[in-house]
Amino acid sequence: MADSSSSTNSSTVTQRWGDVEDDPQEVEVEESTSSSTPENNNSSSTSAVELPNLDSLAIDDENTKKNDFLDEPEDTQISAVTSGDTLYSTATKFEDLNLSPELLKGLYIEMKFTRPSKIQSISLPMILTPPYKDLVAQAHNGSGKTTCFVLGMLSRVDPNLKEVQALCICPTRELAIQNMDVLKKMGKYTGITSFPAIPSGSARIPIPRMAEIKDQVVIGTPGRIRDLMSSKKLNTSHLKVLVFDEADHMLDDDGFKDDSLKIRKLMEKDKARYQVLLFSATFSDTVRNFVSRVVKDGNQMFVKKEELTLDVVKQYKVNCPNEQAKIDVIRDRIFELGEKLGQTIIFVKTRESANELHKKLGDYGYGCTTIHGAIEKDFRDKIVKEFRDGLTKVLISTDLLARGFDQSQINLVINYNLPSKRDYPSDPDCEVYLHRCGRAGRFGRKGAVFNLLSTDREHMLLGKIEKHFGTHIVEVPDWKSNEDFEQALKAAGLL
DNA sequence: AGTACGT
């Protein structure tokens with residue numbers, strides 16, 4: 001347990017989130033309004049106004065000059081809003097965080113970190129300082145969100161208690177596996193054990209025949225976690241931290257909101273008091289709204305919309321006269337020039353179009369594979385492994401990999417189809433667009449995005465995307481011109 | 001339509 005000895009009162013606030021309309025039995029625990037901090041108890045507190053102590057943390061730029069593993073933009077605007085009277089400082093060194101020697105060793109040796117990144121320096125003190133308030137954290141794609149909450153989980157686990165103490169819920173199997181890998185690496189010397197709660201491939205043991213999980217950290221996907229809980233294999237009564245990765249999707253009506261609420265409901269029975277951490281690069285207005293209703297007494301960390309990702313990757317649009325032209329572009333320009341690049345992800349809308357595109361691109365002597373949810377689990381693992389090992393250079397994917405997939409070699413993203421809203425097909429899904437773009441240009445590296453457009457609708461969608469982000473997306477003049485693409489890639493810094 | 005399970 002890492003508890004920093006900061007001035008905190010012990011007003012035990014029962015922190016629950018998800019106290020939504022459908023569970024009225026949960027009584028809102030009022031904040032102890034007797035918050036008398038050392039610095040403001042001179043005033044006879046004339047106004048016990050609802051005004052929370054909003055301590056904006058200004059980020060001192062002097063300490064973030066150099067970071068060996070992160071190449072963040074220096075001018076990042078992050079605003080942190082704290083709730084209540086706990087004071088947080090920014091951590092300039094990992095030593096400031098009271099981490100165990102074993103964990104520090106993992107950070108320095110395995111992760112090769114030298115000092116906290118900017119978002120870590122802000123969020124980690126908020127995660128690790130009692131009374132362990134909930135946190136809503138928005139941070140750039142590829143800026144190290146994962147390392148934040150993994151470090152948070154590892155440092156809050158009591159290594160001597162062999163019970164599930166930290167749980168992380170992710171939208172996809174691939175993301176859960178990826179996060180698990182980070183956890184194992186970072187926690188290598190801690191002896192902390194972990195369990196992947198994901199749908200298994202061919203080698204599956206039926207849940208009823210499984211033993212109860214006694215691993216200290218569980219990372220997984222909603223359905224599996226739900227099943228493990230309802231069959232009493234996953235006991236959350238000792239839970240200290242609950243993490244939602246890609247939180248906005250996990251709490252979106254159109255995403256996993258129902259599953260997330262169901263899981264939380266199952267947890268109610270275990271009566272644990274746990275800290276909730278919400279991490280995502282995007283928070284749509286509706287989700288943001290929901291979160292603010294539900295995480296009432298939490299801390300927040302937000303990044304300005306304009307600052308998110310879209311300046312590190314160069315975006316282009318390609319006017320293709322028809323569907324076939326899109327395929328020609330990929331085959332004759334991208335594959336050609338791609339030889340000199342890193343790796344590419346091509347995003348499509350449906351599983352079917354993924355298969356079709358794969359077939360049409362055929363075997364052009366290029367390592368090109370396809371992944372989506374209808375592909376057998378074991379095969380999905382194999383596809384991802386081959387891609388991570390660099391054996392394949394181009395991967396066709398549905399939005400399965402739109403979020404969180406971290407592969408630093410990806411520097412080109414192709415939108416074969418643009419993402420649009422389910423209920424309003426004439427509106428783009430700007431969050432998904434941003435997440436897709438975030439697959440390129442990891443950790444501030446150079447990246448490019450080509451949006452292939454053939455219909456009026458697609459032009460319209462991209463126009464709305466430009467408007468939403470307030471950016472101008474440059475047009476590649478001629479879809480048939482190799483020079484034009486070369487020029488575009490050069491301008492993006494990729495050639 | 002996409003993510004997620006198990007039957």
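Computed from a predicted structure; not experimentally measured.
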Name of the residue among Arg436(A), Arg288(A), Lys421(A) meeting salt bridge (charged side-chain N to carboxylate O under 4.0 Å, His left out) with Glu431(A): Lys421(A)
- prompt: Between which nucleotides of DNA chain B, 5' to 3', does chain A make heavy-atom contacts below 4.0 Å?
  reply: dA1(B) to dG6(B)
message: Heavy atoms only, 4.0 Å cut-off, all strands: where does Arg226(A) land among base, sugar-phosphate and nothing?
response: nothing
query: When we call it a touch if two heavy atoms are under 4.0 Å apart, what does His372(A) touch: a base, just sugar-phosphate, or nothing?
result: sugar-phosphate
With Asn411(A) via side-chain hydrogen bond (donor to acceptor under 3.5 Å, both in side chains) - residues at least two apart: none
message: Counting the atoms with a prime plus P, OP1 and OP2 as sugar-phosphate, which does Asp227(A) contact under 4.0 Å by heavy atoms, base, sugar-phosphate, or nothing?
response: sugar-phosphate
message: So Arg436(A), base contact, sugar-phosphate only, or nothing? Heavy-atom distance under 4.0 Å.
response: nothing
statement: Contacts of Phe347(A) meeting ring-ring contact (aromatic ring centres under 6.0 Å, His included) (sequence neighbours excluded), chain-then-number -> none
- prompt: With sequence neighbours excluded, what pairs up with Phe387(A) under the ring-ring contact (aromatic ring centres under 6.0 Å, His included) test?
  reply: none
statement: Those residues at least two apart in sequence (or on a different chain) that pass ring-ring contact (aromatic ring centres under 6.0 Å, His included) with Phe256(A) are His249(A)
task: Look at all strands and tell whether Arg403(A) reaches a base, only sugar-phosphate, or nothing, counting heavy atoms closer than 4.0 Å.
output: nothing
- request: Could you note down all residue pairs passing side chain to side chain donor-acceptor pair (under 3.5 Å) where residues 367-376 of chain A supplies at least one of them, sequence neighbours left out?
  value: Asn355(A)-His372(A), His358(A)-Thr370(A)
